[in-house]
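To find a chain, count down the sequence lines: A is the first, B the second, and so on, and within it residues start at 1.
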Amino acid sequence: MTVRTRFAPSPTGYLHIGGVRTALFNWLFARKHGGSFILRIDDTDSERNVDEALEPILAGLKWLGIDWDEGPGVGGPHAPYFQSQRAAGHKLAVEKLLASGHAYRDFARPEEIDLERKEAQAAGRPYLYSRRFAAFSPDEAARWAAEGRQSVVRLKMPREGSLVILDAVRGRVEFAWEREQDHVIQRADGSCLYHLASVVDDHDFEISHVIRAEEHLSNTPRQAFIAISLGYSLPAYAHLPLVAEPGSRTKLSKRKLAQYLKNPDFRQVAEHGNRIAERTGLAPEADTFNPVIVDFYREVGYMPWAIDNYLALLGWSLDDKTEYFSREELIASFSLERINSSPASFDPKKLWAVQDHYMHGLGADEKLAIMLPFLLKAKLIADPPPATALATVRKVIEASGDRLKVAGDILSYADFFLVAEPEMDPLAVQQKLAKPGVGELLSRYAQVLSKVTPFEPGPLEEVTKAFVAEAGIKLGDVIHPVRVAVTGKTVGPGLYDCLAILGVHEALARIGRALAACG
RNA sequence: GGCCCCAUCGUCUAGAGGCCUAGGACACGGGCCUUUCAAGCCUGCGACCGGGGUUCGAAUCCCCGUGGGGUCACCA
C-alpha cells in the first residue's frame, strides 16, 4: 500500500508547537515508508487574508525541514490544495449523501435546537435531536420553506449499533452510534463544514493514514460515517497524545502564555528569548513571539533540527537510551507502534538541553554562519560585514565555547568587541570597580599589560599570575575588575581571551576610561 | 453531565509475567574545580494512583474505584 499522509493546518498566522509535532510525525511516517506527505490548507471558514496568515506556517515548516510532496507552492496531481477551492466537490458529496438518505435537510432554527438541548439537559438525559424540523421529502421541505425557514444539511446518524476503529496508537476504540449527533455538514448558504470537507479531501488525496492529535478522536465516528456513507474505504487512524502544558496534562495553548510564565523553566526560556528579541528589533507587538509558537525559536536562534529531534521525543521513543538522531536515523527509526498514548507535556528546559547538544557539535565556521544574521539584525556589524569584524566574531565564538547555547547568544558575547565604547553594566561597575583601591590596582595592571608580547592568552595568563603573586592578592581580585573594565559586564569568555581579542591598544584604552568609575 | 482517551521519578520515557533492589535523559540537591557562566568533573535525591482478583510469581493481564485529559458549534 502506498503511504500518503497529510498535515492540514488552517491559516491562523502562526505555527503552534503541537501542530509541528503532528506535522513531523506525518512527515516521518511518509518518509519512512517512501510515501508522500501532503500539505492541505483547511481554510474553509476563513475570512481573513489567507496569504498573510499562511505564510508563517509554510515558512515555519520549511525552516524545520519538513518538506511536502504536494501542496501549496509545489502543486501536485490532486490540486488544488486549498480546501476553499474544493467546494464544488464538497457540495457534490453532500448531494450524494442527501440522495442516499444519509443526510437530510433540516429547517430548525438555531434557537429551536438550543431549546431541545437544554430540555434534555434539564431532564438529565443525553441530547438527541428530535428531527422534527427535518425534511425527508421534497413536500416536507416545501412546507417548511413556506414558513420562511432556511435549511442546513445534517447527517442522519445511525441510532443503533456501534463503530469500532482500530487506532494505530490506541488500539480498539468503540463508539455507540446513538451518542452521535446529527452534525451539520452544510450551511444554509451552501458552504460546507470542516468534517465533510476533510473526509472528502482525504479521500480525493488518497490519504492512507490519518495521523492527528487525540482531540480528533471523538470526531472520528462522524467522519467515519461520512466516509462509509460515501462508499469510501476508511483510512488507517493514529491519534497522537496531546502536547500538554509544562508540568500539566492540559492541552498546550497559545492563549495561556501568562499562566505558563509562572513555571520557572518556561519563564527562564521566555525571558532569555525576550532579551535576544529586544536586540534584534523584533516588533514588540509580535504575538507570535511566544515559546508556544515556532517563530519564537527561529527568532532566538535555535537550530531547526534540535526542535525536530526534541519534538520527536514528545510521545515517541525508540528505546530506553537513544535520544539524539540524525534526520536519516530518525526516519529509519520512526514507527507508529512506538508512539505513546498518554499526554506529553512540553518541557522547554529539555528542548534547551537538546539545542545545547546540537550547538555543541557545531564548528566555529558553522556557528559563525548561523550567528551572523543575528549580528546584522542587531546592527552590531555592518552589511556586508568587513573582514576584520568577521575575524573578531570568529575569535569570540571560539573563545566562548559552550557558552553560546543559541545563535542569538552571540549578541551578548560579541557586542563589547564590536562597539567602540561598550555600555557599562551599572551593577557590575558598582560591585567590581567602585571599591577602594581598585583604580590603583587597575593602573598597575595596565602597566604590566602594556609590556606583554605577544598579546595572547598564554602570555597574558602568565603575566597576570605573576602580577597577582607579587602583589600578594588573589587572582579573582584582579580578574573581576579588569573584566568589567574592558567588557562592561561580569560574564563573558575567559578574560585572557577577551584581552587578546581586543588587542593591547584597545584593552589599555578601556582600562584607562574605566579608571574614572573606580574607587 | 454524556461519550471517549489516559495513568512508571518534577518532566520526557524504558518496561509486552520472572532479566526490576524498576533503567536512561532533562531538571533539581550536594561536593570538587575555579576567572565570571544556564561551563566542566564527581555524586546524590527521586516513580509503578488505590483496592480487589488471575498466577508459583504482576509495573506488566482482568475488574472496580480514584484522578487527569479530550470532545460534545451552522470553528478548524
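For A/Glu245 and B/G70, the CD to C1' distance is 13 Å, given to the nearest whole Å. Whole-Å rounding puts the A/Tyr127 OH to B/C3 P distance at 18 Å.
Here B/U13 is the nucleotide among B/A73, B/C74, B/U13 with the atom lying nearest to any side-chain atom of A/Ala344. Closest to the A/Pro110 side chain, of the nucleotides B/C74, B/A14, B/C12, is B/C74. Nearest nucleotide to the side chain of A/Thr250, out of B/G69, B/A76, B/C12: B/G69. Picking from B/C72, B/G23, B/U11 the nucleotide with the shortest atom distance to the side chain of A/Asp320 gives B/G23. Considering only the side chain of A/Phe175, B/C4 comes nearest among B/C4, B/C72, B/G69. Nearest to the side-chain atoms of A/Glu215 among the listed nucleotides B/A7, B/C72, B/G70 stands B/G70. Distances were taken from every side-chain heavy atom of A/Val173 (C-beta onward) to each of B/A38, B/C4, B/G69; the shortest belongs to B/C4. Of the candidate nucleotides B/C5, B/U36, B/A76, B/U36 has the atom lying nearest to any side-chain atom of A/Arg483.
No engagement by A/Asp356 is indicated, since no non-hydrogen atom pair under 4.0 Å with the nucleic acid exists. Heavy atoms of A/Glu180 sit nowhere under 4.0 angstrom from any nucleic acid atom. Nucleic acid contact class of A/Thr490 (heavy atoms, under 4.0 Å, all strands): base. Using a 4.0 Å heavy-atom cutoff across all strands shown, A/Pro221 reaches no nucleic acid atom at all. Among the protein residues, A/Lys251 comes within range of the sugar-phosphate backbone only, with heavy atoms under 4.0 Å from sugar or phosphate atoms but none that close to a base. Among the protein residues, A/His216 comes within range of the nucleic acid bases, having at least one heavy atom under 4.0 Å from a base atom. Residue contacts for A/Gly315: at a heavy-atom cut-off of 4.0 Å it reaches the sugar-phosphate backbone alone, with no base atom in range. At a threshold of 4.0 angstrom between heavy atoms, the contacts of A/Arg40 with the nucleic acid are absent. No contact: A/His183 has no heavy atom under 4.0 Å from any strand. Within the 4.0 angstrom heavy-atom criterion, only backbone atoms of the sugar-phosphate kind lie near A/Leu217; the bases stay farther away. Using a 4.0 Å heavy-atom cutoff across all strands shown, A/Arg212 reaches no nucleic acid atom at all. Within 4.0 Å (heavy atoms only), A/Arg179 reaches sugar-phosphate atoms of the nucleic acid but no base atom.
Base pairing annotation: B/U36 forms no Watson-Crick or G-U wobble pair, as no partner gives both donor-acceptor distances under 3.5 Å. Pair check for B/U54 finds none; no Watson-Crick or G-U wobble contact set falls under 3.5 Å. Shown here, B/C74 forms no base pair; nothing in the strands shown gives a Watson-Crick or G-U wobble contact with both key distances under 3.5 Å. Pair assignment for B/G17 gives none, since no Watson-Crick or G-U wobble pairing has each distance under 3.5 Å. Pairing of B/G65, defined by two Watson-Crick or G-U wobble distances under 3.5 Å, is identified with B/C49.
Taking A/Glu147 as the reference, A/Arg149 meet the salt bridge (charged side-chain N to carboxylate O under 4.0 Å, His left out) condition, with sequence neighbours excluded.
Salt-bridge check for A/Asp415 with A/Arg279: passed, with a basic side-chain N closer than 4.0 Å to an acidic carboxylate O. With respect to A/Lys405 and A/Asp356, a salt bridge is recorded, a charged nitrogen being found less than 4.0 Å from a carboxylate O. In this structure, A/Arg132 does not pair ionically with A/Glu112, as no charged nitrogen and carboxylate oxygen lie closer than 4.0 Å.
Two rings, from A/Phe25 and A/Phe334, have their centers less than 6.0 Å apart. Checked against the 6.0 Å centroid criterion, the rings of A/Trp68 and A/Phe205 do not qualify as a close aromatic pair.
Here, B/G24 and B/G65 have their C1' atoms 33 Å apart, quoted to the whole Å. Across the C1' atoms, B/A76 and B/A38 are found 39 Å apart, a figure rounded to whole Å. When the P atom is compared between B/A73 and B/G17, the two are found 42 Å apart, to the nearest whole Å. Distance check on atom C1': B/C48 versus B/A14 gives 13 Å, rounded to whole Å.
For B/C37, its base sits under 3.5 Å from the side chain of A/Arg403 at one donor and acceptor pair at least.
For the pair A/Lys489 and A/Phe416, the NZ or CZ position fails the cation-pi test of under 6.0 Å to the six-membered ring centre and within 45 degrees of the ring normal. The cationic group of A/Arg154 lies under 6.0 Å from the six-membered ring centre of A/Tyr129 and within 45° of the ring axis, placing it in a cation-pi geometry.
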Taking N or O atoms only and anything under 3.5 Å, show me the protein contacts with nucleotides 25-31 of chain B, one pair per line.
from  : atom 1 : to       : atom 2 : distance (Å)
B/A25 : O4'    : A/Glu323 : OE1    : 3.2
B/A25 : O2'    : A/Glu323 : OE1    : 2.4
B/A25 : O2'    : A/Lys350 : NZ     : 3.0
B/A25 : N3     : A/Lys350 : NZ     : 3.4

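Taking 4.0 angstrom as the limit, A/Lys405 places none of its side-chain polar atoms (N or O) nearer than this to OP1 or OP2 of B/A39.
Side chain to side chain, A/Ser198 and A/Arg40 meet the donor-acceptor criterion of an N or O pair below 3.5 Å.
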